[in-house]
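Below is one structure, written out as structure tokens; comments come after it.
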Amino acid sequence: MRPFVFVNVAMSADGKISTAERRQVRISGDDDYSRVDRIKAESDAIMVGIGTVLSDNPSLTVKSPDLRAWRREAGKDEDPIRVVVDSRGRTPPDADILHRGAGKRIIAVSRAASPETLDVLRRYATVIVTGDETVDLSALLEELYRLGVRRLMVEGGGTLIWALMEKGLVDELQTFIGNIIIGGKDAPTPVDGTGSFRDEDFPRLALIEADRLDEGLLIRWRVKRA
Ligand SMILES: NC(=O)C1=CN([C@@H]2O[C@H](COP(=O)(O)OP(=O)(O)OC[C@H]3O[C@@H](n4cnc5c(N)ncnc54)[C@H](O)[C@@H]3O)[C@@H](O)[C@H]2O)C=CC1
Ligand SMILES: Nc1nc(O)c(N)c(N[C@@H]2O[C@H](COP(=O)(O)O)[C@@H](O)[C@H]2O)n1
């Protein structure tokens, strides 16, 4: 068993999620940021790849005091469990995700991570070891389910989203398309990785809804099962 997995990304009108130098760009407007805060608060856990931690240093906390209170009153930590997919254990010990906000942090590493690195990370987070070279995402999701995670939000980046898509581990995609052009053939997109699907394996999507939001568009897709 695994949680319901949905991906949320903000991309520019030309389909980029940051600059080629991996510099974070404000793509969402205020209304989309509020929506993201709400869906974060409604999730049991929120996951990012180590690339996102190293480039953006996100905290992934719930920002609204009302939503934090709502979680508290429901008997939950004010922030969902924050999960970093980090094969070699490269999460900096001073990363915001480990120090800001409340609740559990999980760093998922592979067996390629050194024991010394793990000793340091265990001071700040629960470490889950799975996979030989890279994190075994199916096994990680099963472990998260065992820990009570039923609804998992994936924030990116494109490498992690590709890996989840390739393994058929994404149920829903929420894409905010903002009114900005970022450009650059090397700028990350929502789904990067090798892109090595066979023609018959491209994930197909069913449109759930598309709405105007801020000066952009919010699109929700369900990933069809083969
Ligand atoms: N606009 C938006 O909504 C968002 C934009 N971003 C942007 O995305 C960029 C970061 O994305 P990426 O560099 O692609 O990094 P990423 O965040 O996707 O992390 C990828 C890394 O995860 C690790 N990993 C461990 N096990 C793995 C597995 N089984 N499969 C795949 N990866 C595994 C690898 O070290 C890999 O390099 C940044 O520029 C950031 O600003 C990130 C999140 C949201
Ligand atoms: N929803 C959304 N809109 C944008 O315009 C963005 N640039 C992002 N980026 C993501 O938000 C993370 C920052 O989280 P914290 O504010 O530190 O909690 C960042 O790492 C990207 O994942 N998202």
Side-chain angles (χ1 to χ4, degrees), residues 6-41 43 46-64 67-68 79-80 82-91 95-101 107-113 128-141 153-167 169-170 173-180 182 184 186-195 213-216 218:
F6 74 100
V7 167
N8 183 76
V9 280
M11 72 176 188
S12 59
D14 58 327
K16 316 293 184 186
I17 62 170
S18 67
T19 68
E21 300 79 30
R22 287 178 151 61
R23 187 162 38 80
Q24 195 183 347
V25 179
R26 186 182 163 114
I27 299 167
S28 301
D30 290 348
D31 289 347
D32 190 51
Y33 274 122
S34 300
R35 178 193 67 86
V36 171
D37 210 33
R38 181 176 49 75
I39 59 177
K40 213 184 276 179
S43 299
I46 174 163
M47 177 191 277
V48 287
I50 180 63
T52 298
V53 171
L54 294 177
S55 57
D56 298 354
N57 191 22
S59 67
L60 304 179
T61 50
V62 173
K63 306 294 187 287
S64 146
L67 288 170
R68 297 184 74 80
D79 295 301
R82 286 163 286 161
V83 184
V84 183
V85 178
D86 179 12
S87 301
R88 312 249 155 190
R90 291 185 293 151
T91 303
D96 279 357
I97 201 165
L98 300 178
H99 298 282
R100 292 199 166 190
I107 300 182
V109 302
S110 73
R111 285 181 276 279
I128 294 178
V129 184
T130 174
D132 291 328
E133 290 299 318
T134 56
V135 171
D136 179 335
L137 295 170
S138 303
L140 172 61
L141 294 190
M153 173 169 166
V154 177
E155 270 262 331
T159 307
L160 176 63
I161 297 171
W162 154 260
L164 290 163
M165 280 284 180
E166 187 192 23
K167 290 177 177 56
L169 297 174
V170 178
L173 188 57
Q174 304 191 9
T175 313
F176 175 77
I177 306 175
N179 61 332
I180 184 173
I182 295 179
D186 296 326
T189 74
V191 189
D192 287 331
T194 59
L213 185 63
D214 293 315
E215 290 298 306
L218 174 69

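Here, residue 1 is the first one in the sequence, and each next residue gets the next number. Computed from a prediction, not measured in an experiment: that's the story for all the values here. Both backbone and side-chain heavy atoms feed into the values below; hydrogens, waters and symmetry mates do not. When a ligand or atom number is given, it counts from 1 through the structure's own listing order.
Looking only at protein heavy atoms, the nearest one to atom 35 (O) of ligand 1 is I50 CG2, 3.4 Å. From the protein, the heavy atom lying nearest to atom 6 (C) of ligand 2 is Y33 OH, 3.6 Å. Protein heavy atom nearest atom 14 (O) of ligand 2, with residue, atom name and distance: P58 CB, 3.6 Å. Atom 26 (N) of ligand 1 has S87 OG, 3.1 Å as its closest protein atom, hydrogens excluded (heavy atom only). What sits closest to atom 1 (N) of ligand 1 on the protein, heavy atoms only, is A10 O, 2.8 Å. Nearest to atom 14 (O) of ligand 1 among the protein's heavy atoms is T159 OG1, 2.5 Å. Shortest contact from atom 13 (O) of ligand 1 to any protein heavy atom: R22 NE, 3.0 Å. In terms of protein heavy-atom proximity, atom 42 (C) of ligand 1 is closest to T52 OG1, 3.3 Å. Protein heavy atom at the shortest distance from atom 5 (O) of ligand 2 is I27 N, 2.6 Å. E155 OE1, 3.8 Å is the protein heavy atom nearest to atom 12 (C) of ligand 2. Scanning the protein heavy atoms around atom 1 (N) of ligand 2, the nearest turns out to be S28 OG, 3.4 Å. Looking at atom 6 (N) of ligand 1, its nearest protein heavy atom turns out to be I17 CD1, 3.7 Å. The nearest heavy-atom contact from the protein to atom 27 (C) of ligand 1 is V85 CG1, 3.8 Å. Remark: minimum distance from atom 9 (N) of ligand 2 to any protein heavy atom is reached at Q24 NE2, 3.7 Å.
Ligand 1 has no N or O atom lying under 3.5 Å from any N or O atom of I27, backbone or side chain. Residue S18 has at least one nitrogen or oxygen atom sitting less than 3.5 Å from a nitrogen or oxygen atom of ligand 1, judged on distance alone. In terms of polar-atom proximity, defined here as any N/O pair under 3.5 Å, V9 makes no such contact with ligand 1. By the 3.5 Å distance cut-off applied to N or O atoms, R23 is not counted among the residues near ligand 1. By the 3.5 Å distance cut-off applied to N or O atoms, V25 is counted among the residues near ligand 2. At a 3.5 angstrom cut-off on N or O pairs, T52 does not count as close to ligand 2. Between L160 and ligand 1, at least one pair of N/O atoms sits closer than 3.5 Å.
Close approach of ligand 2 to R26 (heavy-atom distance below 4.0 Å) involves ligand atoms 5 (O). Residue contact check: K63 has heavy atoms under 4.0 Å from atoms 15 (P), 16 (O), 18 (O) of ligand 2. In the vicinity of V36, heavy-atom distances shorter than 4.0 Å reach the ligand 2 atoms 1 (N).
The shortest separation from a heavy atom of D192 to ligand 1 is not under 4.0 Å, leaving the residue out of contact. Contact analysis leaves V48 out of contact with ligand 2, as no non-hydrogen atom separation drops below 4.0 angstrom. Residue contacts with ligand 2: F176 is excluded, as none of its non-hydrogen atoms falls under 4.0 Å. By the 4.0 Å heavy-atom criterion, S59 is counted among the residues contacting ligand 2. Distances shorter than 4.0 angstrom occur between a heavy atom of R90 and an atom of ligand 1.
Using a distance-only test at 3.5 Å, with no hydrogens or angles considered, no donor-acceptor pair links the side chain of D56 to the main chain of P58. A donor-acceptor pair under 3.5 Å is absent between the side-chain atoms of D86 and the main chain of I107, judged by distance alone. No side-chain donor-acceptor contact under 3.5 Å links T189 to the backbone of G15. Proximity of a side-chain donor or acceptor of K63 to a complementary backbone N or O of T61 within less than 3.5 Å is detected. Side chain of D214 to main chain of G29: a donor-acceptor pair is present (N/O by atom type, distance under 3.5 Å, no hydrogens or angles). Without hydrogens or angle criteria, S64 side chain to L67 main chain gives a donor-acceptor distance under 3.5 Å.
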**OP:** Any chance you could lay out the side-chain contact (heavy atoms from CB on, under 4.5 Å) test for V53 and V48, step after step, and finish with the verdict?
**Re:** CA-CA 7 Å; V53 171; V48 287; 3.8 Å; yes
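Contact between R22 and S55 at its shortest, heavy atoms only, is O-CB, 3.5 Å. The shortest heavy-atom contact between L160 and G49 is CD2-N, 3.5 Å. Summarising the geometry of A113 relative to G89, their closest heavy-atom pair is CB-N, 4.2 Å, with the distance given to 0.1 Å. Closest heavy-atom contact between I27 and F176: O-CE2, 3.6 Å. The minimum heavy-atom distance between N57 and D96, with the atom names listed, is OD1-N, 2.9 Å. Closest approach of I97 and R82 over heavy atoms only: O-NH1, 3.5 Å.
Residue R111 places its CZ atom among more than 12 non-hydrogen atoms of other residues, nucleotides or ligands, all under 6.0 Å distant.
The heavy atom nearest to atom 21 (C) of ligand 2, considering only V154, D56, V62, is found in D56. Considering each of L140, I161, V135, D32, the one bringing a non-hydrogen atom nearest atom 28 (C) of ligand 1 is V135.
For T19, the side-chain hydrogen bond (donor to acceptor under 3.5 Å, both in side chains) partners two or more places apart in sequence, or in a different chain, are E21.
If you check the side chains of T159 and D192, you find no donor sitting under 3.5 Å from an acceptor. A donor-acceptor pair shorter than 3.5 Å cannot be found between the side chains of S18 and K16.
Salt-bridge formation is detected for the pair D79/R68: a Lys NZ or Arg NE/NH1/NH2 atom is positioned less than 4.0 Å from an Asp or Glu carboxylate oxygen.
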